[in-house]
Amino acid sequence: MTDLAMTRLHEIMVILQSVSLVFYFVDYLNKERSAHRIAVWLLSTVSVLQTIFLVMYIIETKRFPILSLFEGIYFYAWLIITLSIILQLFFRLDLPAFFLNIIGFIFMTIHTFAPNQLEQTAVGDGLRSELLVIHIIFAMLAYAAFSLSFVFSSLYLILYRVLKKKKWSKQFSRLPSLTQAETGMTLAILVGIPLLFVSLVLGLQWAYVSLSVFSIFDFKIVSSLVLLIIYIVVLLLRKQARFKGTNYAWIHIYAFLFVLINFLLISPLSQFHLW
């Protein structure tokens, strides 16, 4: 497939996903199940197209496409949309899935309309290895888990505000309970923490065996370690009374902001990380 054709395919996926979000919003406002079905079908179509593109890219390049920031953003968007569909089809969590779709749409748009997107700079052939690929996959899975914790924390704050003001309406009927939202936050980081830890260990092992010189104080290594410590602290603070409820939710939101910083902004400061 030519570069131009791939670009057009991505543009089609962005359009379909944006239309899907419109139908999700219509369903949210008016509880229109027909709008919800259309939204799910459109999103499923996007997911299928993303998967087809992913498989075609793997066949064409004979590697897993996560070795540059450009590819990593695409893989992250694919994970988020896949997780959204799983939440809807198997757990009936429509609203958390809707918020995940917004995150996925933002990253898919960044990927599609990024400048110089066709001039991708991936890690050199000599640095590609199975260990590196597994390291990156675990990191992306951890980021997806932390994204889910952000969604549940946002829903917790919305629900808390609605209940406090006693302005309940049919638009809020699909919100999870406060207990469900808090449990979702905790379970998400319980999954994300070990995934990030394994990713760090594998990344250090890869750097040790693949690079002639590297510093453990590299910006990306340090920031990823700080991110891991932040979420461990968040988990430990959950047992303290003053860090429950809205305080606990806000901590998750602030922690996720650091996830975005680590994912998108720290890499240019690294000596050997290209994303």
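Residues: numbered from 1 along the sequence shown.
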Residue pair Leu16 / Leu49, side-chain heavy-atom distance below 4.5 Å: yes
Shortest non-hydrogen contact from Val26 toward Ala35: CG1-CB, 4.1 Å
Backbone N or O of Arg8 within a donor-acceptor pair of the Glu11 side chain at under 3.5 Å? no
Just checking Phe197: does its CZ atom have more than 12 heavy atoms from other residues, nucleotides or ligands closer to it than 6.0 angstrom? no
Considering all heavy atoms, the nearest Ser18-Phe105 contact: CB-CE1, 3.7 Å
Taking C-beta and beyond as the side chain, do Ile58 and Arg63 meet within less than 4.5 Å on heavy atoms? no
Shortest non-hydrogen separation from Gly104 to Ala77 and the atoms involved: O-CB, 4.0 Å
CZ (Arg92) with more than 12 external heavy atoms under 6.0 Å: no
When the ring planes of His111 and Tyr74 are compared, do they come out parallel, tilted or perpendicular, using 30° and 60° as the limits? tilted
Would you call Leu236 and Tyr231 a side-chain contact if the rule is heavy atoms closer than 4.5 Å? no
Please step through side-chain contact (heavy atoms from CB on, under 4.5 Å) for the pair Ile134 and Val198, ending with a clear verdict. CA-CA 10 Å; Ile134 297 172; Val198 172; over 6 Å; no
Just verifying a value: how many Å separate Tyr76 OH and Ile81 CD1, rounded to the nearest 0.5 Å? 11.0 Å
Distance, nearest 0.5 Å, that separates NZ of Lys244 from CD1 of Ile251: 12.5 Å
What are the two closest heavy atoms between Ile80 and Ala144, and how far apart are they? CD1-CA, 4.2 Å
Determine whether more than 12 heavy atoms belonging to other residues, nucleotides or ligands lie under 6.0 Å from atom CZ of Phe64. yes
I'd like to check Ile136 versus Leu202 (side-chain heavy atoms, cut-off strictly below 4.5 Å). Are they in contact? no
State whether the side chain of Asn262 and the backbone N or O of Phe258 hold a donor-acceptor pair below 3.5 Å, judged by distance alone. no
Distance (rounded to the nearest 0.5 Å) between Asp94 CG and Ser84 OG: 9.0 Å
Minimum-distance pair of heavy atoms, taken over all atoms of Phe99 and Leu155: CE1-CD2, 3.4 Å
Looking at Phe263, Phe75, Phe138, which one forms a ring-ring contact (aromatic ring centres under 6.0 Å, His included) with Tyr143? Phe263
CE of Met108 to CD of Gln17: how many Å apart, nearest 0.5 Å? 7.0 Å
Hey, quick one: are Leu148 and Phe90 part of the same hydrophobic cluster, counting side-chain heavy atoms closer than 4.5 Å, chains of contacts allowed? yes
Under 3.5 Å: donor-acceptor pair, side chain of Ser224, backbone of Ile221: no
Applying side-chain contact (heavy atoms from CB on, under 4.5 Å) to Asp218 and Val222, what does each step give before you reach the verdict? CA-CA 6 Å; Asp218 181 84; Val222 172; over 6 Å; no
Counting N and O atoms only, with roles assigned by atom type, does the side chain of Thr61 sit under 3.5 Å from a partner on the main chain of Tyr57, one being a donor and the other an acceptor? yes
Parallel, tilted or perpendicular: which fits the ring planes of Phe53 and His10, with parallel below 30° and perpendicular above 60°? perpendicular
Using the side-chain contact (heavy atoms from CB on, under 4.5 Å) rule, take Tyr156 and Thr246 through it: C-alpha gap first, then chi angles, then the decisive distance, then the call. CA-CA 7 Å; Tyr156 185 99; Thr246 55; 4.2 Å; yes
Could you please spell out the steps behind the side-chain contact (heavy atoms from CB on, under 4.5 Å) verdict for Arg161 and Lys164? CA-CA 5 Å; Arg161 185 178 181 85; Lys164 187 176 181 180; 5.8 Å; no
ILVMFWY network linking Leu235 to Ile232, side-chain heavy atoms under 4.5 angstrom: yes
side-chain contact (heavy atoms from CB on, under 4.5 Å) with Ile253: which residues, sequence neighbours excluded? Phe150, Ser153, Ser154, Leu157, Trp250
Pairs under 3.5 angstrom only: tabulate donor-acceptor contacts from the side chains of residues 37-46 to other protein residues two or more places apart or in another chain.
{"from": "Ser44", "atom 1": "OG", "to": "Val40", "atom 2": "O", "distance (Å)": "2.8"}
{"from": "Thr45", "atom 1": "OG1", "to": "Trp41", "atom 2": "O", "distance (Å)": "2.8"}

Do Leu163 and Tyr160 land in one hydrophobic cluster if side-chain heavy atoms of ILVMFWY residues count as linked below 4.5 Å? yes
Do you reckon Ile12 sits in the same ILVMFWY cluster as Val19, going by side-chain contacts under 4.5 Å, direct or chained? yes
Derivation and outcome, ring pair (Phe, Tyr, Trp, His ring centres under 6.0 Å), residues Phe146 and Phe256: CA-CA 7 Å; Phe146 295 145; Phe256 183 70; 8.4 Å; no
Within one Ile-Leu-Val-Met-Phe-Trp-Tyr cluster: Leu187 and Ile230, side-chain cutoff 4.5 Å: yes
Any sub-3.5 Å donor-acceptor pair from Thr112's side-chain atoms to Thr109's backbone N or O? no
Just how far is it from atom CD1 of Ile189 to atom CD1 of Ile193, taken to the nearest 0.5 Å? 5.0 Å
Distance, nearest 0.5 Å, that separates CG of Leu132 from CD1 of Ile66: 7.5 Å
Can you list every pair that meets side chain to side chain donor-acceptor pair (under 3.5 Å) and has a residue in residues 185-201, with sequence neighbours left out? His135-Ser199, Thr186-Arg238, Thr186-Tyr248
